[in-house]
Chemist: 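One structure coming up, written as structure tokens, with questions to follow.
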Amino acid sequence: MRLKNRLSAGDTIIEVLIAIAITSIVLAGAYVAVDRSMKASRAAQERGEAVKVAEAQIERLKYLNFSSSTANIYQSGPFCISPTQTVIQTIDITNDATEPTGCKSSRYTASITRDVTSGTHQIRVLWENITGSKTVTSYPGFDEIKMYYRIYQ
């Protein structure tokens, strides 16, 4: 009787350590899953905002192109269009600069490049990626989207 009470009196230190290790592994796995989910959600939100910036550049481009008050909006190099419908000449955002240049909208930088032969416009939006997973050549830690728009005349 005495032996039975002694064995069932409590858990050994080994059992407690094993329970703590299992609990730690489960909690670490849950943390990793939640962290990845939050980063994916944030990356999707950033991409959606960048698409809106690019669409705003396209809408401004359409407005200026069909406006009778503006004879020629096209620049010889990259440009962008400010919210006040002003065409701004920019430097090529593909250069090895420390920061992309163009029209800034909060943390997004937009630039338009026109292909003269086809009449196609490339709208490029860069932003500093919160996850740091994707990188743009010349801009580590930045992400980008490119949209193409063609104006028929």
Side-chain angles (χ1 to χ4, degrees), residues 14-153:
I14 301 297
E15 291 170 331
V16 171
L17 289 175
I18 290 171
I20 289 173
I22 290 171
T23 304
S24 298
I25 290 170
V26 169
L27 288 175
Y31 173 78
V32 168
V34 168
D35 186 54
R36 285 185 183 171
S37 174
M38 287 178 60
K39 283 183 179 179
S41 175
R42 179 66 182 169
Q45 180 184 6
E46 288 176 347
R47 185 164 292 280
E49 290 173 7
V51 166
K52 288 179 184 176
V53 170
E55 288 173 344
Q57 287 291 307
I58 290 172
E59 290 300 318
R60 293 175 190 153
L61 184 65
K62 285 194 304 190
Y63 172 78
L64 288 178
N65 189 59
F66 295 115
S67 172
S68 60
S69 63
T70 307
N72 188 6
I73 64 168
Y74 300 113
Q75 305 291 315
S76 59
F79 64 97
C80 58
I81 306 168
S82 72
T84 60
Q85 307 299 337
T86 306
V87 177
I88 300 170
Q89 181 78 37
T90 65
I91 65 168
D92 189 358
I93 59 177
T94 59
N95 288 346
D96 289 330
T98 55
E99 286 250 347
T101 61
C103 290
K104 286 225 178 235
S105 170
S106 63
R107 42 190 306 248
Y108 301 91
T109 304
S111 182
I112 303 171
T113 307
R114 179 176 182 237
D115 181 1
V116 180
T117 57
S118 67
T120 304
H121 298 78
Q122 179 192 64
I123 296 88
R124 184 177 185 203
V125 180
L126 287 128
W127 69 95
E128 194 169 354
N129 189 346
I130 191 111
T131 61
S133 58
K134 295 182 182 176
T135 57
V136 177
T137 314
S138 307
Y139 299 111
F142 279 76
D143 204 351
E144 72 176 338
I145 63 161
K146 291 180 183 177
M147 295 179 96
Y148 296 90
Y149 181 73
R150 184 171 181 181
I151 296 178
Y152 294 97
Q153 294 182 350

Chemist: Using every non-hydrogen atom in the two residues, find where E46 and W127 come nearest and quote the distance to one decimal.
Modeler: OE1-NE1, 3.1 Å
Chemist: Does the side chain of Q57 reach to within under 4.5 Å of the side chain of I112, using non-hydrogen atoms?
Modeler: yes
Chemist: Would a 4.5 Å heavy-atom cut-off, applied to side chains only, mark I123 and Y148 as touching?
Modeler: no
Chemist: Does any part of the side chain of E128, heavy atoms only, come nearer than 4.5 Å to the side chain of R107, both counted from C-beta?
Modeler: yes
Chemist: For atom CZ of R36, is the number of surrounding heavy atoms from other residues, nucleotides or ligands below 6.0 Å larger than 12?
Modeler: no
Chemist: Can you tell me if S37 uses its side chain to pair, donor with acceptor, with the backbone of A33 under 3.5 Å?
Modeler: no
Chemist: Which distance, rounded to the nearest 0.5 Å, do you find between the CZ of R124 and the NZ of K146?
Modeler: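 Answer rounded to 0.5 Å: 5.0 Å.
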Chemist: Could you give the distance from CD (E59) to CD (E55), rounded to the nearest 0.5 Å?
Modeler: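 One finds 8.0 Å between CD of E59 and CD of E55.
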Chemist: Quick one: pull up CD1 in I20 and CD1 in I25 and give me the separation to the nearest 0.5 Å.
Modeler: 12.5 Å
Chemist: Taking side chain as C-beta onward, heavy atoms only, is D115 less than 4.5 Å from S118?
Modeler: yes
Chemist: Please walk me through it: do E49 and R47 pass side-chain contact (heavy atoms from CB on, under 4.5 Å)?
Modeler: CA-CA 5 Å; E49 290 173 7; R47 185 164 292 280; over 6 Å; no
Chemist: Can you name the one residue among I145, L126, V125 that meets side-chain contact (heavy atoms from CB on, under 4.5 Å) with Y108?
Modeler: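 Passing option: V125.
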Chemist: Taking all atoms of both residues into account, what is the closest heavy-atom pair of K62 and Y149, and its distance?
Modeler: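 So the minimum-distance heavy-atom pair works out to CD-OH, 2.6 Å.
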